[in-house]
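So the structure is just underneath, and the comments pick up after that.
Convention: sequence-line order gives letters A, B, ...; per-chain numbering from 1. Quick caveat: nothing in here was measured; it's all calculated off a predicted structure.
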Amino acid sequence: MDFSFDPEAVDLASGLRELFAKSLGSAVLRRAVGDPTARRDVWRSAADLGLHSVLIDERAGGLGLGWEAAVLLLRELGRAAAPGPFIDSIAVAPALLQTMDDDRARVLLGEIASGEQRVVVSDGGRPLASAEDATLVLAVEGTRLSAFAPREGSFVPVPSLDDAMPLHRLRPGAERTPVLDVALPEPVIARARAAGAVAAAAELVGVASRIVELTRDYVAQREQFGRVIGSFQAVQHPLADAAVLTTFAGPVVDAASWALATDQPDYAVAVSHAKHAATTAAMTAARTGFQLHGAMGYTYEYDLQIWMKRARTLAMLYGTDSEHLAVLREAVPRLGRAAAVGGRAPLSRAVPAR
Amino acid sequence: MDLDLTAEEASFYEEAYSWLSAHVPAGSHAPPSDADAARRSREWDRALFDAGWSVLNWPRRYGGRDASLFQWLLFEDAYHAVDAPYRLSHNGVSLLAPTVMEFGTEEQKDEILLPLAQGEVVWAQAWSEPGSGSDLASLTSRAEEIPGGFRVNGRKIWSSNAPYADRAFGLFRSGEQSERHRGLTYLMLALDSPGVTVSPIRRVDGRANFAEILFEDVFVPRDGLLGEVGRGWDVAMATTGSERGFALRSPGRFTGAAERVLELLDEETRGRHPDLVDRAVQAWQDAQAFRLRVLTLAARVGRGESVGAESSVDKVFWSELDVRIAELAMDVIAVRGPEVADAQLERWIEAYVTALPGTIYGGTNEIQRNIIAQRQLALPRSY
């Protein structure tokens with residue numbers, strides 16, 4: 001039992017944090033809205049660092065560092081509100097493509113690892129984030145997976161709150177020329193969905209911690225009644241509560257990524273717990289941050305909106321909160337102690353089995 | 001990262017679980033409220049000690065078995081899985097002992113730690129005063145240096161377990177009142193010393209567990225001093241760090257309680273009361289979150305890091321969870337009918353009575369939120 005991160009993973013994540021601190025400030029994030037070139041620069045610099053290859057095996061051209069690195073890197077993507085189809089490309093696509101013994105899949109994985117392919121994954125009729133940037137669509141329909149390059153008219157826009165990460169759907173019946181069209185086993189699809197949920201949860205933890213910091217910085221300088229408002233308990237306490245939820249969501253997400261990576265029998269429970277805990281932390285931070293910023297937080301000019309909108313959008317993607325709660329509601333009362341992931345001894349005799 | 005138990009860890013858990021299942025006595029889950037319960041609690045501590053479980057992560061010299069923090073967490077998991085009772089030694093083990101190990105002389109360690117681990121000497125804390133609760137640094141009970149020791153005068157209150165304890169530890173003013181936290185001294189003293197009066201206070205269920213302690217010209221020998229005169233605040237803060245964190249309330253307590261609530265939700269109840277299911281599932285998740293958070297802290301402690309400064313976050317989380325679980329359990333029992341209620345209700349009333357003060361003691365949760373805001377978020381002192 002060792003709940004700590006590999007130093008190599010930690011170093012890679014701090015490298016990404018430094019990169020974003022230098023190159024992905026507020027001005028760049030704002031320019032990236034509506035400017036595909038700016039978004040591609042972000043994509044390229046992260047790919048050069050190795051971000052896209054952590055979940056891809058070495059024989060397919062990846063780094064193969066696994067979820068231990070991925071979960072930390074995704075947290076940084078959330079902290080930075082990095083625009084682009086990162087979750088689908090880094091986490092979901094490798095889960096779909098890696099299990100099949102197929103040369104075309106291996107080629108695609110190599111291209112994803114290098115950052116050459118920007119992938120969106122369409123899961124039935126669900127919305128896609130950042131589809132405008134995609135060079136490759138992976139469409140899961142039932143148990144079939146097809147891969148094709150998007151073309152004019154492949155997507156229908158969906159009303160979107162987050163203008164830095166606009167949503168689309170795959171246009172039904174739109175023409176496509178698949179480079180790959182295969183049947184996948186149901187467990188592979190389930191694991192790919194779980195990979196998306198864990199990745200979104202990791203981003204949400206990053207979003208939550210960034211909102212807490214932004215709000216902290218604001219209330220530490222804004223003065224009313226002759227003193228900074230951050231000296232009032234009515235301001236400090238809700239922000240402390242958001243920090244508490246964020247602190248406790250982190251290990252839940254990390255443990256879920258381990259459960260998924262090691263294919264634990266009840267990994268789905270851990271994954272749904274992770275998405276729910278991270279959503280709760282990020283939405284609480286967003287509402288608290290918004291309230292404590294006063295009218296300033298309601299403006300487009302102030303940066304809080306970037307992370308508030310990202311929190312709301314990620315909460316709705318990769319399984320809604322309601323869907324993940326449904327998983328937990330079904331599994332947890334049935335499994336009891338056995339639903340716990342990591343560091344627990346198996347059921348003992350005197351603990352009643354259900 | 002590897003969240004699986006090693007074979008060695010799994011068999012350690014089995015060993016703890018088997019011993020506990022075979023030896024766990026019937027007993028209250030709340031702190032004792034009569035002399036008989038206190039005596040039984042001491043006997044249970046002694047039995048745990050004799051089998052090597054009382055303070056397993058302490059050095060062998062003081063009655064431990066040099067176990068790791070993680071092994072202690074496994075033991076606690078098993079302890080609550082068998083629903084073992086409250087331990088009277090708990091405050092001494094989790095609050096006083098870490099401070100003695102850090103600040104005590106070799107003589108003090110030899111004298112204090114072993115009897116504490118054996119349940120032979122029971123310790124009560126003496127922090128709060130009638131006029132000093134959240135504002136602890138305003139305390140006025142005095143310790144005056146005299147030849148051979150100290151003369152203590154004043155009044156302490158809300159002293160848990162004091163009616164059944166042998167000794168007490170706490171802070172006393174040795175400098176000027178205006179010095180606030182800089183003029184305090186940490187003393188340990190015998191509650192049967194001349195001039196000490198312990199007046200039990202009945203807690204919310206009508207039973208006496210905590211007390212007011214009156215000190216009238218009490219002589220405390222020099223060896224009752226922990227650390228240096230005037231440095232008591234620093235010494236005490238090491239203790240309150242333990243009180244707030246997982247040392248006082250291990251994750252096993254909450255995972256065990258949440259699992260027990262899930263067991264009370266039979267299929268029929270689940271079908272008829274989806275609101276209770278949702279609350280139970282959330283309580284289970286929160287207990288798991290606390291457990292996973294503590295596992296990350298244990299890994300950091302294993303690497304030699306200090307994690308005490310963050311303990312306010314943990315204290316807020318577990319103390320509020322504790323109350324939610326006990327309230328939920330009573331709500332579940334209420335719909336389960338008499339055959340379940342009559343067997344279960346007493347246990348959960350004990351849990352509720354024990355959980356309630358958690359948001360108050362060790363620094364109220366308002367004070368904890370101030371500390372989070374000021375230390376972790378670097379906000380100014382609050383109003």
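Neither the backbone nor the side chain of B:Arg300 has a heavy atom closer than 4.5 Å to any heavy atom of chain A. With a 4.5 angstrom heavy-atom cutoff, B:Glu310 does not touch chain A via any of its atoms. Looking at B:Asp278, the atoms closer than 4.5 Å to chain A (heavy atoms on both sides) all sit in the side chain, from C-beta outward. Both the backbone and the side chain of B:Val313 come within less than 4.5 Å of a heavy atom in chain A. Heavy atoms of B:Leu297 lying under 4.5 Å from chain A are absent altogether. Looking at A:Glu68, only its side chain comes within 4.5 Å of chain B, counting heavy atoms on both sides. At a 4.5 Å heavy-atom cutoff, B:Glu267 makes no contact with chain A through either its backbone or its side chain. Neither the backbone nor the side chain of A:Ala270 comes within contact range of chain B; no heavy atom of the residue lies under 4.5 Å from a heavy atom of that chain. If you measure heavy-atom distances from A:Val235 to chain B, you find no contacts under 4.5 Å at all.
Closest heavy-atom contact between B:Leu379 and A:Gly230: CB-O, 3.7 Å. Here the shortest heavy-atom pairing between A:Gly342 and B:Leu295 reads O-CD1, 4.4 Å. Listed here is the closest heavy atom pair of A:Phe248 and B:Asp314: CZ-OD1, 3.4 Å. For the residue pair B:Arg381 and A:Gln236, the shortest heavy atom distance occurs at C-NE2, 4.4 Å.
No more than 12 heavy-atom neighbours from other residues, nucleotides or ligands sit within 6.0 angstrom of CZ on B:Arg272. Environment of CD in B:Glu8: sparse, with no more than 12 heavy atoms of neighbouring residues, nucleotides or ligands closer than 6.0 Å.
Of all residues spanning residues 285-293 of chain B, those with a heavy atom less than 4.5 Å away from chain A's heavy atoms are B:Gln285, B:Gln288, B:Ala289, B:Phe290, B:Arg291, B:Leu292, B:Arg293, arranged by number. Listed in order of number, the residues of residues 321-328 of chain A that approach chain B to under 4.5 Å between heavy atoms are A:Leu325, A:Leu328.
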Walk me through it: do B:Asp4 and A:Trp258 pass the test side-chain contact (heavy atoms from CB on, under 4.5 Å)?
CA-CA 10 Å; B:Asp4 269 331; A:Trp258 173 84; 3.6 Å; yes
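Atom CZ of residue A:Arg344 and atom OG1 of residue B:Thr255 lie 4.0 Å apart, to the nearest 0.5 angstrom.
Interface check for chain B: of the options A:Ala277, A:Ala255, A:Ala261, the most heavy-atom pairs under 4.5 Å are formed by A:Ala255. Annotation: maximal heavy-atom pairing with chain B below 4.5 Å, among A:Leu239, A:Val269, A:Thr262, A:Asp241, occurs at A:Asp241. Note: A:Asp2 leads A:Val244, A:Val212, A:Asp2 in heavy-atom pairs under 4.5 Å with chain B. When each of A:His276, A:Arg227, A:Arg329, A:Gln233 is checked for heavy-atom pairs under 4.5 Å with chain B, A:Gln233 comes out on top.
In this structure, A:His273 and B:Trp284 have tilted ring planes: the angle between them lies in the 30° to 60° band.
Judged by distance alone, the side chain of A:Arg216 and the main-chain N or O of B:Leu377 form a donor-acceptor pair under 3.5 Å.
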